[in-house]
A.B. asks: 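Quick one: the structure is below, and I'll ask about it shortly.
Everything quoted here is computed from the prediction, not taken from an experiment. Note: hydrogens, waters and symmetry copies are ignored here, and every other heavy atom, side chains too, is used.
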Amino acid sequence: MKVKKQKRHRKTLTFYTACFGFRKPFKILCDGTFVHHLIANRITPADKALNSILNATVKLYTTRCVLAELKRLGGSYSEALEAAHELIIARCEHDKCIGADACVMEVVGENNSGHFFIATQDTDLRKKLQEVPGVPLVFGLRNALFLEPPSAFQRQYVKISEEGRLHMTKKEYQIFNDRVINRLAGEEAKNSITEIMENEGSGDQTINVQEVKRSITARNQLDIKDKPQFKRKRAKGPNPLSCKKKKSCENQKLAPLKEMKADNAVQKRTRKRKRSRKQKMATETDC
């Protein structure tokens, strides 16, 4: 595969993986026209040929309606029918068999929730699928296979969805508005408590205490906390190594001295005097 072709296919794959959440191994839904094209041009094995295009592991699928259509076409499509029987059968939710193109459109749905790559040679079907968001298309041209770049509709859909993420939805706006109202109500309750505490008198003390209690209960119903609750760092126990008793200095000094004395005593005991022959000869002559 040429370098330009590889780059083009890599760009399209990154578009679909980033914007629509396609993941490996990729699922490829093949119709009868594509299977027949593979056999006619001897592009076998099909999974290896598609692996080299997508640079990833691949699972090949088909439907019962595609198999029924290949069977109706007769003996000229018998090899294609045998090859299609070896593929994994995707589930299509209808009782009677319908046309292959209608079946593929039904399996894809409105937004291709199954994350299928559609492999087909039918140009009309490809034009229909270009108007569905998140549907990558594979087709064959003689002995080569190609991954079609994303259509203008799909690029526009991605742009609109990205802009929509920047703004709040109605639900998010409602949640935000409720939180602001709760916070303002909590601040009003706090101010009322401080005013009550300042205006406390000796005679109206019991009435003020009841008002304070009511305001506190109202504040608790709103689930508002006065201060952020953090985990306090508690003091840990002392290091067990630091609690060990230190050895006295005198014992440490005396121990090596005792060892030295013991070594010297052993050396003194084992030492023997050696006499040379010259001394022996001198003593004999003297005698």
A.B. asks: Applying side chain to side chain contact (heavy atoms under 4.5 Å, CB included) to L147 and L54, what does each step give before you reach the verdict?
C.D. replies: CA-CA 8 Å; L147 179 64; L54 303 176; 4.0 Å; yes
A.B. asks: Just wondering, are more than 12 heavy atoms of other shown residues or ligands nearer than 6.0 Å to CD in E172?
C.D. replies: yes
A.B. asks: Is a side-chain donor or acceptor of H85 paired with a backbone partner of A80 at a separation under 3.5 angstrom?
C.D. replies: no
A.B. asks: When you measure from the side chain of T62 to the backbone of C30, do you find a donor-acceptor pair of N or O atoms at a distance under 3.5 Å?
C.D. replies: yes
A.B. asks: Is it the case that the side chains of D31 and T33 hold a donor-acceptor pair, with the cut-off being a distance below 3.5 Å and no angle test?
C.D. replies: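 A donor-acceptor contact under 3.5 Å links the two side chains.
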A.B. asks: Would you compute the distance between atom CZ of R126 and atom CD1 of I118 and round it to the nearest 0.5 angstrom?
C.D. replies: 12.5 Å
A.B. asks: Run F153 and Q130 through side chain to side chain contact (heavy atoms under 4.5 Å, CB included) and show every step you take.
C.D. replies: CA-CA 7 Å; F153 172 80; Q130 281 173 359; over 6 Å; no
A.B. asks: Does CD in E106 sit with more than 12 non-hydrogen atoms of other residues, nucleotides or ligands closer than 6.0 Å?
C.D. replies: yes
A.B. asks: Decide whether a cation-pi geometry holds between R8 and F146; the criteria are a distance under 6.0 Å from NZ or CZ to the six-membered ring centre and an angle within 45° of the ring axis.
C.D. replies: no
A.B. asks: Does D47, at its CG atom, have more than 12 non-hydrogen atoms belonging to other residues, nucleotides or ligands within less than 6.0 Å?
C.D. replies: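 Enclosed.
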A.B. asks: What are the two closest non-hydrogen atoms of N112 and P133, and how far apart are they?
C.D. replies: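 For N112 and P133, the tightest heavy-atom pair comes out as CB-O, 4.3 Å.
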A.B. asks: Hey, mind stepping through L29 and V104 against side chain to side chain contact (heavy atoms under 4.5 Å, CB included) and telling me if it holds?
C.D. replies: CA-CA 8 Å; L29 185 65; V104 169; 4.2 Å; yes
A.B. asks: ring-ring contact (aromatic ring centres under 6.0 Å, His included): which pairs involve residues 39-82, sequence neighbours left out?
C.D. replies: H36-Y77, Y61-F116
A.B. asks: By side chain to side chain donor-acceptor pair (under 3.5 Å), which residues pair with E69, not counting sequence neighbours?
C.D. replies: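 Partners of E69 under the side chain to side chain donor-acceptor pair (under 3.5 Å) test: none.
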A.B. asks: Would you check, one step at a time, whether the test side chain to side chain contact (heavy atoms under 4.5 Å, CB included) holds for K128 with M105?
C.D. replies: CA-CA 8 Å; K128 287 178 185 176; M105 289 295 293; 4.1 Å; yes
